[in-house]
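For reference, the structure is listed below as structure tokens.
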Amino acid sequence: MGEVKRNMEGLKGNMGHSNDTDFGKSNDILTHSNGMVFGYGRVSTKDQNSARQKEALQNKCDVYFEDKMSGRNMERPEFQKMIEQLRPGDSVMVVSIDRLGRNLKELVELSSKLKDMGVNIVALNQGIDTSSKMGQLFYNFMALMSEMELMFIQERQREGIELAKREGRYKGRPLKELNDWEQLTKEVAEGKLSVERACQLLKISRSTFYRRKKQEEIDF
């Protein structure tokens, strides 16, 4: 695709106007940045046709990149080439936000990275333009979705553990093997050895000692 030349004066003005496509109303959304606009298209397989994405983007951007592979793979060659060329004030334009990736966690990380770089995100179908004041809500939304996803995962884990306990299947996290653990804890229980000394011999902290004891009590 070649090296991007940032000194091409009047490039945007000479690229013409976009024809109407199936993306219709989205075509009125344009970035307000003073930098370059990098279009990015992606289809999941080599057999899929990316022509509609290219048609919707190429007349709105200064340079166009395209990958034909799953969005779950963030090591996409053309995507990486684009990232390396981005500078503060530039914009990444896609037809839909899921073209940047299908994993919410990675989308949150990518949007945060681009924000730190001073790079805007424009997603035509969703009406997202992070260079606008309203577009800033996108980052808040992404952070909220990430937090909610984590909460849902933790809740499912808790529910799974409680169910396993009721059914007698829960064994907890496997405990790290510690030499002389049983003997030393027995001596601590009998008052023959202090917790501090046992921790020194086991090379663990007091918090680890008590956490392990508690874990042993709930495992069955």
Side-chain angles (χ1 to χ4, degrees), residues 40 42 44 67 69-77 79-80 82-84 86-88 92 94 97-121 123 126 128 130 133-220:
Y40 179 72
R42 180 185 60 78
S44 299
D67 281 306
M69 57 196 310
S70 172
R72 295 180 181 179
N73 182 4
M74 297 302 284
E75 297 301 322
R76 292 164 259 156
F79 178 80
Q80 292 302 321
M82 179 183 71
I83 292 294
E84 291 172 1
L86 292 172
R87 299 293 182 270
V92 173
V94 290
I97 195 66
D98 66 353
R99 297 303 87 192
L100 294 176
R102 293 183 181 274
N103 181 290
L104 178 59
K105 179 177 180 293
E106 291 181 340
L107 274 176
V108 170
E109 291 176 352
L110 174 61
S111 63
S112 178
K113 176 181 179 179
L114 293 180
K115 182 181 180 182
D116 291 342
M117 292 171 61
V119 174
N120 304 310
I121 298 174
Q126 287 79 34
I128 297 170
T130 61
K133 291 183 179 180
M134 288 297 294
Q136 294 300 310
L137 296 175
F138 168 75
Y139 296 116
N140 297 333
F141 177 76
M142 292 295 283
L144 176 61
M145 290 296 100
S146 179
E147 183 176 347
M148 289 180 63
E149 182 182 45
L150 178 59
M151 290 172 57
F152 291 148
I153 291 174
Q154 291 174 338
E155 181 63 25
R156 288 195 295 268
Q157 288 175 338
R158 285 193 294 268
E159 292 175 352
I161 290 173
E162 289 301 317
L163 177 61
K165 285 182 177 180
R166 290 196 297 269
E167 296 178 350
R169 296 183 289 104
Y170 180 67
K171 298 299 180 181
R173 182 180 295 178
L175 297 176
K176 179 181 178 180
E177 188 68 28
L178 292 175
N179 294 331
D180 301 323
W181 168 259
E182 293 184 3
Q183 179 61 35
L184 292 175
T185 52
K186 180 181 178 182
E187 292 181 15
V188 169
E190 294 174 349
K192 298 178 180 180
L193 191 68
S194 68
V195 173
E196 289 79 4
R197 180 56 180 162
C199 290
Q200 290 175 359
L201 295 172
L202 293 167
K203 297 181 180 180
I204 59 175
S205 65
R206 285 174 61 91
S207 60
T208 299
F209 180 92
Y210 287 116
R211 186 166 57 247
R212 187 183 181 93
K213 287 293 294 179
K214 183 177 180 179
Q215 184 66 56
E216 286 184 338
E217 292 171 3
I218 66 174
D219 280 352
F220 57 87

Under 3.5 Å donor-acceptor, [X] side chain and [Y] backbone:
{"X": "S112", "Y": "V108", "value": "no"}
{"X": "R76", "Y": "L100", "value": "yes"}
{"X": "R42", "Y": "D67", "value": "no"}

I want to check something: taking the side chain as every heavy atom from C-beta on, are [X] and [Y] in contact at a cut-off of under 4.5 Å?
{"X": "I83", "Y": "V92", "result": "no"}
{"X": "T130", "Y": "K115", "result": "no"}
{"X": "W181", "Y": "R212", "result": "yes"}
{"X": "L201", "Y": "D180", "result": "no"}

How long is the span from the [atom1] atom in [X] to the [atom2] atom in [Y], to the nearest 0.5 Å?
{"X": "S111", "Y": "D116", "atom1": "OG", "atom2": "CG", "answer": "9.5 Å"}
{"X": "L137", "Y": "I128", "atom1": "CG", "atom2": "CD1", "answer": "10.5 Å"}
{"X": "R206", "Y": "T208", "atom1": "CZ", "atom2": "OG1", "answer": "11.5 Å"}

Derivation and outcome, side-chain hydrogen bond (donor to acceptor under 3.5 Å, both in side chains), residues E187 and Q183
CA-CA 6 Å; E187 292 181 15; Q183 179 61 35; 2.9 Å; yes
Testing the 3.5 Å rule here: is there a donor-acceptor pair between the side chains of Q200 and E196?
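Result is no, nothing qualifies.
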Derivation of the side-chain contact (heavy atoms from CB on, under 4.5 Å) call for I121 and L110
CA-CA 10 Å; I121 298 174; L110 174 61; 5.9 Å; no
Only pairs at least two apart or in different chains count here, so list each ring-ring contact (aromatic ring centres under 6.0 Å, His included) that has a residue in residues 182-205.
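Not a single pair qualifies under ring-ring contact (aromatic ring centres under 6.0 Å, His included).
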Closest approach of [X] and [Y], non-hydrogen atoms and distance?
{"X": "L184", "Y": "A198", "result": "CD1-O, 4.4 Å"}
{"X": "Y40", "Y": "R99", "result": "CE2-O, 3.4 Å"}
{"X": "C199", "Y": "S205", "result": "SG-O, 3.8 Å"}

Restricting to salt bridge (charged side-chain N to carboxylate O under 4.0 Å, His left out), what partner residues turn up for E109, sequence neighbours left out?
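So E109 forms a salt bridge (charged side-chain N to carboxylate O under 4.0 Å, His left out) with K105.
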